[in-house]
Protein chains: 2
Amino acid sequence: MPPSTGLRARVRAELTAEIKDEARRQMAVEGASGISLRAITRALGMASSGIYRYFPSRDDLLTALIVDAYDSLGAAAEEADAGSGQDDFGARWSAVGHAVRDWARSHPHEYALVYGSPVPGYRAPQDTIGPASRVTSVLAGIVNDASRVGALSESPPAPGLAPLPVQAAVEARRLVDAAFPATTEEVVLRSVAAWTQLFGMVSFELFGHLEGVITDPAPVFDRTLLEMGAFVGLPAPRTLPPEMRRDARGSGRIGHGGN
Amino acid sequence: MPPSTGLRARVRAELTAEIKDEARRQMAVEGASGISLRAITRALGMASSGIYRYFPSRDDLLTALIVDAYDSLGAAAEEADAGSGQDDFGARWSAVGHAVRDWARSHPHEYALVYGSPVPGYRAPQDTIGPASRVTSVLAGIVNDASRVGALSESPPAPGLAPLPVQAAVEARRLVDAAFPATTEEVVLRSVAAWTQLFGMVSFELFGHLEGVITDPAPVFDRTLLEMGAFVGLPAPRTLPPEMRRDARGSGRIGHGGN
DNA sequence: TCAATAGATGAGCACCGCTCTTGATTTGGA
DNA sequence: TCCAAATCAAGAGCGGTGCTCATCTATTGA
């Protein structure tokens with residue numbers, strides 16, 4: 001006497017997982033557009049029509065993969081954040097930024113699935129917005145925590161810029177209320193800038209737009225993370241990441257380096 | 001006696017253009033993945049196999065559309081830049097940024113085709129790198145021009161950050177030599193940050209990642225453009241754009257605005 | 001004028017997502 | 001324990017796709 005939905009439900013969950021795994025395997029080979037339901041059923045030794053009992057359409061499969069990808073990235077970000085000193089806000093920012101980039105580089109097609117162009121006609125089902133917000137929440141949490149304990153350098157007013165115009169202030173206010181209760185409108189707008197910068201740079205790297213522009217994105221990414229953290233008002237990490245520390249004194253400086 | 005390649009070449013060029021136009025029409029309806037070679041031939045009243053005499057494969061058609069899109073965006077950026085006061089560098093930066101966003105919003109699928117995930121298996125043919133660099137060159141030109149005439153505020157060293165580590169300096173040096181002869185490594189790295197921020201924010205807006213976060217992206221985008229311009233060291237535009245000017249005195253300020 | 005070339009055509013191949021019907025299996029309540 | 005209801009597997013089939021190929025026609029340039 002198995003539980004109300006017993007053996008059958010379990011094998012169903014297993015097959016569902018196997019289908020997604022096989023889909024991910026295909027995606028790793030030739031991208032999301034290369035996922036073929038028939039090929040999946042072939043690989044799993046089932047009839048081609050059988051898969052529709054688990055995913056009503058190709059788009060539903062993709063949506064499931066998107067949710068999983070968001071969750072995977074969100075988990076990576078949360079882990080990186082938790083692995084840094086709770087009150088070393090610069091380190092937390094850098095760690096999460098690197099976690100995003102690392103995850104993207106090790107799951108390029110899943111990153112593209114989520115942060116690339118919306119694949120089929122249009123996709124943004126309700127199921128995706130929850131998991132999608134995990135990374136964002138981590139990032140926002142860092143800034144908000146820093147602000148709460150007064151570690152956020154009161155953002156130097158942008159030189160020569162007028163105070164916030166109304167519309168921008170309204171938007172910023174909404175965000176302050178929603179996720180940054182301890183901060184100001186100016187800070188929240190800069191956080192949005194840093195957020196979009198982070199993903200913009202990762203996307204450019206993965207999608208090939210840095211080709212011919214930046215040969216080795218790693219050090220540039222690292223430095224930019226720190227600069228954007230400072231831009232938001234976060235303190236520099238207490239112990240700078242290895243690359244920044246070891247070479248800071250310039251033992252191996254090249255060419256007309258430092259002017 | 002038509003020129004060595006006469007009438008035949010002309011009608012060929014016309015048909016090629018018609019094919020691309022029809023493809024763009026289909027793309028406008030349901031995205032790049034909705035482009036069907038057979039549907040194109042149907043719309044043009046030709047045999048389905050005929051199209052392969054003009055584009056050897058679907059990917060080649062897409063590549064042609066990518067090149068056109070890059071050119072279209074590049075032209076828009078150049079025009080916006082030329083339409084601003086040659087020596088009002090803040091205004092030029094803002095104008096080009098807005099041109100990029102406006103172009104993206106009025107050509108969403110073409111933007112996705114170019115800045116979204118590489119569509120088929122992988123794409124980055126040689127033909128695309130030339131046109132792709134037009135926007136980038138415009139942006140780089142503004143910063144470099146400003147620096148050349150001394151209008152670039154010597155970038156305040158990021159608070160608490162060590163000097164540039166070697167690897168980053170090497171990358172930056174390459175860029176200085178290639179496109180920013182009048183600037184420093186620090187400036188060039190910040191320019192890369194601003195560049196990726198610009199496209200990151202546009203992509204987030206178009207791809208739906210601002211949904212539920214920012215209701216009206218326009219004022220946020222506008223403000224962020226100015227802040228990122230300042231981040232690079234560009235002066236504020238001499239005459240701020242209308243939204244920033246009219247409300248600058250805060251007649252309609254909301255909530256506990258200005259900390 | 002005429003061979004070479006380029007273009008247009010339609011049949012056909014292998015694949016796709018998806019639907020429907022049919023038959024077997026499992027389930028949970030009477 | 002039995003049995004109706006629900007679930008699942010399987011196969012045939014529909015209309016669509018990108019692409020190839022042999023065939024025929026029109027244009028080209030010497």
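Both backbone and side-chain heavy atoms feed into the values below; hydrogens, waters and symmetry mates do not. Being a predicted model, the structure only gives us computed values, none of them experimental. A, B, ... follow the sequence lines: proteins, then strands. Residue 1 opens every chain.
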I need the CD1-C1' distance between B:I51 and C:dT9, as an integer number of Å. 15 Å
Under 4.0 Å from OP1 or OP2 of C:dT9: is there any side-chain N or O of B:S49 that close? no
May I ask you to decide if the ring planes of B:H98 and B:F221 are parallel, tilted or perpendicular, using 30° and 60° as cut-offs? perpendicular
Taking all heavy atoms of A:A23 and all of A:L65, pick out the closest pair and write down the distance. CB-CD1, 4.0 Å
If you take all heavy atoms of A:M228 and A:W93, which pair is closest and at what distance? C-NE1, 4.5 Å
Can the positive tip of B:R134 be found less than 6.0 Å from the middle of the six-membered ring of B:Y70, inside 45° of the ring normal? no
Does B:Y54 make a side-chain N or O approach to OP1 or OP2 of C:dA8 shorter than 4.0 Å? yes
Figure out the CE/P separation between A:M46 and C:dA24, and round it to whole Å. 19 Å
Write down the distance between CG (A:D59) and C1' (C:dC16), rounded to a whole number of angstrom. 14 Å
Could you tell me how far apart A:I19 (CD1) and D:dA9 (C1') are, to the nearest whole angstrom? 13 Å
Tell me whether the OP1 or OP2 atom of C:dA8 has a side-chain N or O from B:R53 closer than 4.0 Å. no
Checking side-chain contact (heavy atoms from CB on, under 4.5 Å) for the pair A:L139/A:L198: CA distance, chi angles, key distance, verdict? CA-CA 11 Å; A:L139 259 8; A:L198 167 59; 4.1 Å; yes
Round to a whole Å and report the spacing from CD1 of A:I40 to P of C:dC18. 11 Å
State which of C:dC18, D:dT17, D:dA26 makes the closest approach to the side chain of A:S57. C:dC18
N/O (side chain, B:R58) to phosphate O (OP1/OP2, D:dG18) under 4.0 Å: yes
Residue-phosphate contact under 4.0 Å: B:R42 side-chain N/O, D:dT17 OP1/OP2: yes
For the pair made of CZ in B:R8 and C1' in C:dA8, what is the distance, rounded to whole Å? 10 Å
Measure from CZ on B:R38 to C1' on C:dA14 and round the result to the nearest Å. 12 Å
Give A:G50 one of three labels, base, sugar-phosphate or nothing, depending on what nucleic acid heavy atoms sit under 4.0 Å from its own. nothing
Once you apply a heavy-atom cut-off of 4.0 Å, does A:I35 come out as touching a base, just sugar-phosphate, or nothing? sugar-phosphate
For the pair made of CG in A:L15 and P in D:dA10, what is the distance, rounded to whole Å? 10 Å
